[in-house]
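Just so we're clear, the structure is a prediction, and the values are computed from it rather than from any experiment. Letters go in sequence order (proteins before strands), and every chain restarts at 1.
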2 protein chains.
Amino acid sequence: MADMTEDIVETTERGSVMGRGTGGRQKLIEAALELASTTRSLASLGLREVTRCAGLAPNAFYRHFRDFDDLGLAAVDMMSSGLRSGLRERRLSLVRARKGPIVSADGAIVPSGREAIRATVGLVLDYVTEHPTAYVVGIRELNGSSPRMRAAVRKLLDDFARDMVEDIQQMLDAPMTDAVSMQEIGRQIIQQMTFFSMEYLEQPQRRDEIREQAERFILRMFVGEMALQAMTPKKKAGRK
Amino acid sequence: MADMTEDIVETTERGSVMGRGTGGRQKLIEAALELASTTRSLASLGLREVTRCAGLAPNAFYRHFRDFDDLGLAAVDMMSSGLRSGLRERRLSLVRARKGPIVSADGAIVPSGREAIRATVGLVLDYVTEHPTAYVVGIRELNGSSPRMRAAVRKLLDDFARDMVEDIQQMLDAPMTDAVSMQEIGRQIIQQMTFFSMEYLEQPQRRDEIREQAERFILRMFVGEMALQAMTPKKKAGRK
DNA sequence: CATGAATGTGGACACTCGTCTACTTTTTGT
DNA sequence: ACAAAAAGTAGACGAGTGTCCACATTCATG
């Protein structure tokens, strides 16, 4: 979540600032995320609880949001742009360092390909530990009670998957499989990574094991797909 | 969730029954699940709301539960015993009908093995549509705000995975891989099935596609594991 | 038959809730 | 300079909350 340093604003006798650009909206979003990432969920937060945590009066909520869904969607939107670009920058700096397949034509795992998977898993899980709030709240709302929140987080995961697939394609010499299968595998990897991420945050003593399991998972997906492709002869998709 | 037909009990002037065996505990659990499976989560339910839905006075809650975590854990416990045995019965009747591998020694998919995967996926997703409340609430609490609920649902998924692995081992002539890897794959399949299940419930128009994606996912996991095993020569685990 | 346990009840209590009205302060646009 | 917009405030309102006390009903046990 972007660290936002607010400009210094003098307060009135009342101890608050008013008028444009006072950052109340941002304070409400951050308060909700802070409360939702600890022992609460967004659905169980109260309006007065959030405004209290933000240091504003209850009615300030209605100056920025229509309802809690509105607040939640704003929170997801704020998190997603930062998370997505930050994660992608790191992965790109990694995959650009190497060019070649992960699985060779005869189905064997290329050592440097495996190393790239391992490094990618590492950077993703490191990223998770640096942004626990965003991940906890996001994954929690993925199956939460709000349909709009579920749809928003699902779309975010789809975006993550598309990014990842594009980055991997960039690293490969030739496509591993057709684009549709690649997108399907990308989504499934991202979905499964939500489980690894939550375990990684909640069970720090198992972190090495979780990294290895995530690496093996991704290898199984790629090796399995290559093998399935080999069993189903068809024209390979052109380079995108 | 087990359908419970209560014995006929005469009510007092007050319109309620009291004393032993009146089923108040059961009513509270069912009321909570009903509310939690629609537009709410367990964490956002109020005590009076649940007791009202159950048709009891607010204080009746304290006769059965200490707090909401207590209620939630009772609900998971009630769901899990029925879900687990019901699902397993169905799968066993399926896998007992055939004996043999899913992937042959040379890495090819055995047609009847693939058919078994397809049928198993089908029966699991049918089972999900028959028990939407249990799945929605269970998956929702998997990453919910209560650590005790998360641990309980996680354990339930682990149990599901162990059952599935044992059933598959029963169907296979010889073990596909070592027991530890098999358990890891089993857990990952069950975890991924939570995504397929939620999509299956929320996007009925995509059900055929979701079944196919789930089938391909499981095949990738097994074919990928066989291929990984073939690349890493080691003594195969003995039959369990 | 009496007693205790289980399990229900009504009512009270202090507190908190979401939402509204009316007002205040600050900034921006004309 | 003034008006409008943005964004804050206090206070009020009806409704609902969790929790407690004391009592009532039913069943099992000695």
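- For the OP1/OP2 pair of D:dG8 and a distance below 4.0 Å, the side-chain nitrogens and oxygens of A:Thr22 include at least one atom meeting the criterion.
- Using bins of under 30°, 30° to 60° and over 60° for the plane-to-plane angle, the ring pair A:Phe61/A:Phe68 lands in the parallel bin.
- The side chain of A:His64 contributes an N or O atom lying less than 4.0 Å from OP1 or OP2 of D:dG8.
- At whole-Å resolution of the value, CG in A:Leu56 and C1' in C:dT25 are 14 Å apart.
- Atom CZ of A:Phe61 is separated from atom P of C:dG18 by 9 Å (rounded to the nearest Å).
- The existence of a salt bridge linking A:Glu166 and A:Arg88 is confirmed by a sub-4.0 Å separation between a basic side-chain nitrogen and an acidic carboxylate oxygen.
- Sequence order on DNA chain C of the closest nucleotides to A:Arg63 and A:Gly46 puts A:Gly46 first from the 5' end.
- Counting to the nearest Å, the P atom of C:dT7 and the CG atom of B:Leu28 are 11 Å from each other.
- Note: CD (B:Glu49) to P (D:dG18) measures 9 Å, nearest angstrom.
- When rounded to the nearest whole Å, the span between CZ of B:Arg25 and C1' of C:dG8 equals 16 Å.
- In this structure, A:Leu71 places its CG atom 12 Å from P of C:dG18, rounding to the nearest Å.
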Go through A:Glu209 and A:Gln203 one step at a time and tell me if the side-chain contact (heavy atoms from CB on, under 4.5 Å) criterion holds.
-> CA-CA 10 Å; A:Glu209 180 194 352; A:Gln203 302 169 50; over 6 Å; no
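- At a cut-off of 3.5 angstrom, counting only N and O atoms as typed in the model, there is no donor on one side facing an acceptor on the other between the side-chain of B:Arg48 and the base of D:dG16.
- Applying the 4.0 Å criterion to OP1 and OP2 of C:dC20, one finds that A:Tyr62 has every side-chain N and O outside that range.
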For B:Tyr200 and B:Asp126, what are the C-alpha separation, side-chain angles and deciding distance, and is it a side-chain contact (heavy atoms from CB on, under 4.5 Å)?
-> CA-CA 9 Å; B:Tyr200 203 75; B:Asp126 283 343; 4.3 Å; yes
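- In the interface, the side chain of B:Asn59 is not paired with the base of D:dT19 through any donor and acceptor atom under 3.5 Å apart.
- Among the nucleotides D:dT9, C:dT9, D:dG18, the one closest to any side-chain atom of B:Leu47 is D:dG18.
- Not one N or O on the side chain of B:Arg150 forms a donor-acceptor pair closer than 3.5 Å with the backbone of B:Leu142.
- Rounded to whole Å, atom P of C:dG8 lies 12 Å from atom CD of B:Gln26.
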